[in-house]
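Proteins get letters first, then strands, A, B, ... in listed order; numbering begins at 1 in each.
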There are 2 protein chains.
Amino acid sequence: MSASQNIKVAVDAVVFGYTSKEGLSVLLIKRKIKPYKDSWALPGGLVGDDESLEDAIQRELKEETSISFNYLEQLYSFGKPGRDPRNRVISITYYGLVKPDAFEIKADTDASDAAWFNIKNLPPLAFDHDQIVNAAHDRLKSKMLYQPVGFELLEEKFPFSELEKLYMAVLDRPIDRRNFKKKIVKFGFLEETNEKQALDGAGRPGNLFRFNEEKYYLLQKQGISFEI
Amino acid sequence: MSASQNIKVAVDAVVFGYTSKEGLSVLLIKRKIKPYKDSWALPGGLVGDDESLEDAIQRELKEETSISFNYLEQLYSFGKPGRDPRNRVISITYYGLVKPDAFEIKADTDASDAAWFNIKNLPPLAFDHDQIVNAAHDRLKSKMLYQPVGFELLEEKFPFSELEKLYMAVLDRPIDRRNFKKKIVKFGFLEETNEKQALDGAGRPGNLFRFNEEKYYLLQKQGISFEI
DNA sequence: CTGCATATATCTTCATAACATCTATATTAA
DNA sequence: TTAATATAGATGTTATGAAGATATATGCAG
């Protein structure tokens with residue numbers, strides 16, 4: 001291992017958030033330094049010599065946006081020569097899921113600003129970060145077909161229509177609520193509470209649901225299978 | 001990007017091969033140098049400053065085993081501190097599929113030997129390479145449920161039972177041949193030839209099949225869905 | 001030659017999932 | 001009161017999955 005190498009290793013994160021009002025969003029930071037100064041980019045940075053990749057990304061998120069998240073999955077490593085104009089950087093990317101309302105995001109260190117952007121309305125991104133966002137979105141779409149999704153994105157109690165809207169927002173296509181509900185309920189990771197939602201305006205108020213955390217994580221591990 | 005970082009980036013490959021006689025195999029090299037001198041390990045090595053990750057892994061494969069493969073997919077990045085006793089190394093891993101009989105493997109450069117090992121009978125591996133192999137095997141298993149697999153592993157013409165045996169070897173469980181055949185044939189990426197297999201011993205000789213390359217790659221891109 | 005073992009080919013039936021859509025109910029607003 | 005809206009529940013048709021029966025083509029042994 002005496003060979004000389006001049007490559008830096010970075011981690012970057014695609015942080016997805018969901019609210020009923022805003023839909024599916026991605027957390028971006030505005031860069032404070034060159035290159036791409038003042039451009040929006042994914043939060044991230046160099047890996048420390050003694051920290052794991054996961055620790056590195058959690059640290060960078062905390063530093064740049066003051067967010068921490070507990071759903072974190074490695075996405076892909078982007079290593080094309082020239083992706084960073086300064087020197088060779090290989091970026092190991094992750095995606096995570098959070099409830100936006102649970103955090104007050106605050107830009108710091110390398111970031112002059114931090115904000116949520118609806119995934120259908122992203123600004124031009126620095127580096128190859130648009131590709132990374134696309135890859136993460138594709139991953140999340142696929143994941144929804146073989147694992148329960150929603151625990152980290154929805155409120156503790158929510159009407160079933162919120163889960164439905166989440167799926168439609170991510171998959172970007174309509175879903176039949178009646179069939180979808182029957183399928184989801186059959187898996188058993190969702191429980192009905194005794195409460196009803198409070199609606200603005202007309203409409204029958206629906207029951208509030210919550211995830212059965214134990215069953216949710218069990219099925220996340222085992223996998224599920226259904227078509228939408 | 002003035003921060004100092006003392007991390008090396010390596011690529012490593014899990015090369016799967018399949019033959020009817022040996023089953024599913026993994027290509028390993030015997031290390032020539034410390035650490036883990038004389039231990040079996042996955043082929044790989046450091047990324048060059050100016051080469052892509054894919055080029056790096058292809059080069060290392062060629063150098064260490066004289067194999068080249070055209071099915072290559074990034075698996076995962078392993079970056080736990082301490083995984084290499086010398087210094088900090090992050091390894092970006094790939095897996096690939098080849099026909100073992102199409103190559104005469106020959107160890108060279110960092111490798112004193114190169115050989116195929118049945119996946120159920122692997123020797124102790126250097127570093128965290130056993131985890132990498134497991135991850136690759138899990139990936140290949142999953143992949144078989146949503147993409148056609150076989151083109152890079154089977155002979156140009158083969159009896160249907162070979163495809164069946166391939167799936168059973170990878171998934172490590174029995175498959176009902178009749179149902180499996182019906183499902184696979186329905187996708188359309190398999191063509192029947194006018195030839196029959198030559199059997200050793202008794203048994204009705206079956207027709208030889210071959211992949212329709214165009215349809216195979218189309219469906220690999222689009223995805224398929226079936227249960228086994 | 002017959003019988004047996006073996007491997008392949010074809011088909012059927014029952015169970016389950018997917019897809020499409022109808023009807024009923026509870027709420028607000030006009 | 002009617003109309004609009006959102007939720008709840010159910011049904012029917014089609015497609016897929018799982019299990020298994022039957023038929024056919026080969027080699028081998030007696």
Exercise. Touch check for A/Gly206, heavy atoms < 4.0 angstrom, all strands: base, sugar-phosphate only, or nothing?
Worked result: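 A/Gly206: backbone/sugar contact only, no base atoms under 4.0 Å.
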
For this session: With heavy atoms under 4.0 Å as the rule, sort A/Lys181 into base, sugar-phosphate or nothing.
Result: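 The answer is sugar-phosphate, as A/Lys181 gets under 4.0 Å only of primed atoms, P, OP1 or OP2.
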
Problem set entry | ring-ring contact (aromatic ring centres under 6.0 Å, His included) assessment of A/Tyr71 paired with A/Tyr94 | CA-CA 10 Å; A/Tyr71 191 80; A/Tyr94 287 80; over 10 Å; no

Exercise. Would A/Phe180 and A/Val185 count as a side chain to side chain contact (heavy atoms under 4.5 Å, CB included) if you check the C-alpha gap in whole Å, the side-chain angles of each, and the deciding distance to 0.1 Å?
Worked result: CA-CA 8 Å; A/Phe180 180 65; A/Val185 165; over 6 Å; no

Problem set entry | Sorted by number, the residues of residues 159-177 of chain A with heavy-atom contact under 4.0 Å to DNA chain C |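 The stretch gives A/Asp176 as the residues lying under 4.0 Å from the strand, ordered by number.
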
Exercise. Taking the six-membered ring where the residue is Trp, are the ring centres of B/Tyr18 and B/Phe16 under 6.0 Å apart?
Worked result: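 No, ring centres 6.0 Å or more apart.
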
Can you measure [X] atom [atom1] to [N] atom [atom2] for me and round it to whole angstrom units?
X	N	atom1	atom2	answer
A/Arg178	D/dA8	CZ	P	13 Å
A/Lys186	D/dA8	NZ	P	19 Å
B/Gln197	D/dA25	CD	C1'	11 Å
B/Lys196	D/dT24	NZ	P	14 Å
A/Phe180	D/dA6	CZ	P	18 Å

For this session: Could you tell me whether A/Lys99 and A/Asp101 have a side-chain N and a carboxylate O separated by less than 4.0 Å?
Result: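 Looking at A/Asp101 together with A/Lys99, the answer is no, because their closest N to O distance does not fall below 4.0 Å.
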
For this session: Taking only Lys NZ, Arg NE, NH1 and NH2, and the carboxylate oxygens of Asp or Glu, determine whether A/Arg210 and A/Glu155 approach each other closer than 4.0 Å.
Result: no

Exercise. With under 30° as parallel and over 60° as perpendicular, where do the rings of B/Phe187 and B/Phe189 fit, or are they tilted in between?
Worked result: parallel

Exercise. Is the NZ or CZ atom of B/Lys181 positioned over B/Phe160's six-membered ring, under 6.0 angstrom from the centre and within 45° of the axis?
Worked result: yes

For this session: Return the angle between end axes of the helix from C/dC1-D/dG30 to C/dA30-D/dT1, with five pairs used per end and rounding to 10°.
Result: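 Nearest ten degrees gives 10° for this helix.
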
Without swapping roles, check the side chain of [X] against the backbone of [Y] for a donor-acceptor pair under 3.5 Å.
X	Y	answer
B/Gln197	B/Gly206	yes
A/Gln74	B/Ser77	yes
B/Tyr216	B/Gly150	yes
B/Thr193	B/Leu208	yes

For this session: Please tell me which of the listed nucleotides, D/dA8, D/dA25, D/dA18, lies nearest to the side chain of A/Arg204?
Result: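 Closest nucleotide to the A/Arg204 side chain: D/dA8.
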
Problem set entry | Side-chain N,O (A/Asn207) to OP1/OP2 (D/dT7) below 4.0 Å | no

Problem set entry | A/Ser225 or B/Lys182, whichever maps to the more 5' nucleotide of DNA chain C |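 The residue mapped nearer the 5' terminus is B/Lys182.
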
Seminar exercise, completed: Result for 5'-nearest mapping on DNA chain D, choosing between B/Ile228 and A/Asn179, is A/Asn179

Exercise. On DNA chain D, nearest-nucleotide positions of B/Pro205 versus A/Phe209: which is more 5'?
Worked result: A/Phe209

Problem set entry | Whether over 12 other heavy atoms sit under 6.0 Å from B/Lys141 NZ |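 For B/Lys141, atom NZ is crowded (more than 12 foreign heavy atoms under 6.0 Å).
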
For this session: Give me the first and last nucleotide of DNA chain C, going 5' to 3', that has any atom under 4.0 Å from a heavy atom of chain A.
Result: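 That gives a stretch of C/dA17 to C/dT28.
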
